[in-house]
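Written out below as structure tokens is the structure these notes cover.
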Amino acid sequence: MKSYATVLIPSYNPGNYLRKAVDSVFKQTYEKWKLIIIDDASTDNSLSTIKDRLKDPRVKLIRNPINVGQSKAQNEGLKYVDTPFLLMLDSDDWLFRDTLQILVNESKRVSDDVALICGNKRIIYEDKDGKIIDERTREYGRDFDDKYEFILANYVPYPRFYRTAALRYVGGWPTDDPYEGRYLEDQRMDHRLIEHFKIHWIDYMLYNYRRHSSNTSSNLAIMNEMYEWLVLDSLKRWGDHYQPVFEYSHGWLLSKKLIPKIIED
């Protein structure tokens with residue numbers, strides 16, 4: 001049975017959340033998947049919760065001896081991917097049953113210059129005790145092929161169904177930022193890909209995104225610091241033609257506009 005898609009789960013102390021994430025892969029209507037779990041030196045009992053799942057030959061576990069952070073962990077997993085496409089799944093999130101089937105079908109329709117396929121997501125808000133306090137859906141998106149339009153859209157694609165060759169073309173997840181790839185690894189990859197490829201959106205609900213107090217994204221100050229660094233770094237790499245103007249929305253730093261720089265003779 002030839003696999004077409006690999007699910008990659010980077011994991012660091014997710015507790016019981018990991019079981020739900022892994023089970024959502026096993027419940028997929030599309031069964032020709034592979035699963036790579038990169039445990040980034042967890043100190044909790046999360047791996048014991050999936051002990052039975054690790055016996056499946058489709059599953060590979062990688063255990064880092066020390067914690068290296070999200071990007072470096074994902075790059076370690078990327079070394080072992082041998083399928084045309086790769087789906088990122090955070091260890092505290094989960095998939096709908098038909099997520100992989102829809103994404104695989106769509107990947108066979110798009111052109112080779114599409115590096116990332118995404119869709120819609122459901123956001124589940126939990127309190128510190130794990131009780132669901134709110135649910136919302138994000139049912140919007142669009143295709144992108146212009147890097148500057150992508151910055152101004154302030155759009156974060158979910159789920160992230162990558163063309164494996166495109167990930168390798170840009171050198172995997174970059175780690176040359178002040179936090180060595182521990183924050184905003186998804187958006188850094190988006191900016192790398194949109195330089196050379198297209199991003200394609202489909203109008204399907206494909207991903208369950210859990211928001212809780214332990215989310216990395218809960219550290220708003222660092223996330224905003226990294227977002228400003230990311231935009232400035234990308235614009236400089238793309239020729240340094242624009243100066244960004246930022247604004248805050250509900251505490252999050254966003255790109256409002258790009259002002260062309262005056263080139264002096």
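This chain uses plain numbering: 1 for the first residue, then up along the sequence. Since we're looking at a predicted model, the values are computed, not measured.
- With S24 contributing its side chain and W94 its backbone, the two residues share no donor-acceptor pair below 3.5 Å.
- In summary, the side chains of Y17 and S46 do not present any donor paired with an acceptor at a separation below 3.5 Å, with no hydrogens or angles considered.
- Remark: Y209 OH to Y158 OH distance equals 4.5 Å, nearest 0.5 Å.
- Few gaps surround CG on D146; more than 12 heavy atoms of other groups in view lie less than 6.0 Å from it.
- In terms of modelled atom types and a separation under 3.5 Å, the side chain of S11 and the main chain of D39 share no donor-acceptor contact.
- By the criterion of side-chain heavy atoms lying less than 4.5 angstrom apart, applied directly or through intervening Ile, Leu, Val, Met, Phe, Trp or Tyr residues, Y155 is grouped together with M189 in one hydrophobic cluster.
- Ionic pairing of R188 and E185 is not present here: no N-O contact between side-chain nitrogen and carboxylate oxygen is shorter than 4.0 angstrom.
- In this structure the side chain of F144 never reaches within 4.5 angstrom of the side chain of L116, judged on heavy atoms.
- Neither side chain, E228 nor N224, offers a donor N or O lying under 3.5 Å from an acceptor on the other.
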Report task. Mind running side chain to side chain contact (heavy atoms under 4.5 Å, CB included) on L253 and M226 for me, showing each step along the way? Result -> CA-CA 10 Å; L253 192 64; M226 264 304 304; over 6 Å; no
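- E225 and Y183 share no donor-acceptor pair across their side chains, judged by distance under 3.5 Å alone.
- With hydrogens and angles ignored, the 3.5 Å screen pairs no side-chain donor or acceptor of D92 with any backbone N or O of P14.
- A donor atom on one side chain and an acceptor atom on the other are found under 3.5 Å apart for T6 and T83.
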Query - Test side chain to side chain contact (heavy atoms under 4.5 Å, CB included) applied to D186 and M88, step by step - result: CA-CA 9 Å; D186 49 355; M88 290 302 310; over 6 Å; no
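- Crowding of K261 atom NZ: a count of heavy atoms from other residues, nucleotides or ligands under 6.0 Å exceeding 12.
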Report task. Show your reasoning for whether side chain to side chain contact (heavy atoms under 4.5 Å, CB included) applies to D203 and N120. Result -> CA-CA 6 Å; D203 192 10; N120 303 327; 2.8 Å; yes
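- No side-chain heavy atom of L103 sits under 4.5 Å from any side-chain heavy atom of F85.
- When N67, T175, D177, I222 are each tested for a side-chain contact (heavy atoms from CB on, under 4.5 Å) with R182, only one passes: N67.
- Counting heavy atoms from C-beta on, the side chains of I37 and I50 come closer than 4.5 Å.
- Between the side chain of N154 and the main chain of S255, a donor-acceptor pair closer than 3.5 Å is present.
- Remark: the D93 side chain and the N208 side chain contain no N/O donor-acceptor pair separated by less than 3.5 Å.
- Here the side chain of N13 pairs a donor or acceptor atom with the backbone of T43 at under 3.5 angstrom.
- For the residue pair V25 and V7, the shortest heavy atom distance occurs at CG2-CG1, 3.9 Å.
- The backbone N or O of N45 lies less than 3.5 Å from a partner atom in the side chain of S48, making a donor-acceptor pair.
- Contact between V231 and P244 at its shortest, heavy atoms only, is CG1-CB, 4.0 Å.
- In this structure, F150 and H191 have side chains that are in contact, with non-hydrogen atoms separated by less than 4.5 Å.
- The hydrophobic cluster containing F96 does not contain W33, counting ILVMFWY residues as joined when their side-chain heavy atoms lie under 4.5 angstrom apart, directly or transitively.
- The number of heavy atoms from other shown groups lying within 6.0 Å of CD (E139) is above 12.
- The ring of W252 has its center no closer than 6.0 angstrom to the ring center of Y227.
- Proximity of Y162 to L193: side-chain heavy atoms (C-beta onward) are separated by under 4.5 Å at one or more points.
- Inter-residue side-chain proximity for L78 and T164 is flagged as met; some heavy-atom pair is nearer than 4.5 Å.
- The main-chain N or O of R19 is never found under 3.5 Å from a side-chain atom of R53 such that the two would form a donor-acceptor pair.
- Heavy atoms of other residues, nucleotides or ligands lying less than 6.0 angstrom from OH of Y4 number more than 12.
- Two rings, from F197 and Y169, have their centers less than 6.0 Å apart.
- At least one side-chain heavy atom of R142 sits less than 4.5 Å from a side-chain heavy atom of E149.
- The two atoms that bring D40 and V68 nearest to each other are OD1-N, 2.9 Å, heavy atoms only.
- Contact check for Q70 versus W173: no side-chain heavy atoms found under the 4.5 Å cut-off.
- R163 places a side-chain N or O within donor-acceptor distance of the main-chain N or O of V114, the cut-off being under 3.5 Å.
- Distance alone, capped at 3.5 Å, places no donor-acceptor pair between the E247 side chain and the K256 backbone.
- Using a 4.0 Å cut-off between charged side-chain N and carboxylate O, K34 and D82 make a salt bridge.
- Between S3 and P84, the shortest heavy-atom contact is O-CD, 4.2 Å.
- Taking all atoms of both residues into account, the shortest heavy-atom contact from A5 to V104 is CB-CG2, 4.1 Å.
- Between K27 and D23 there is no salt bridge, since no side-chain nitrogen of the basic residue lies less than 4.0 Å from a carboxylate oxygen of the acidic one.
- Judged by distance alone, with hydrogens and angles left aside, the side-chain atoms of D143 form a donor-acceptor pair with the main-chain N or O of W201 at under 3.5 Å.
- Nearest approach of E76 to K79, heavy atoms of both residues: OE1-NZ, 2.9 Å.
- Side-chain atoms of Y12 and N64 include no donor-acceptor pair closer than 3.5 Å.
- Enclosure of atom CZ in R63 is not indicated, since only 12 or fewer non-hydrogen atoms of other residues, nucleotides or ligands lie within 6.0 angstrom.
- Under the 4.5 Å side-chain heavy-atom criterion for Ile, Leu, Val, Met, Phe, Trp and Tyr, Y140 and L254 are members of distinct hydrophobic clusters.
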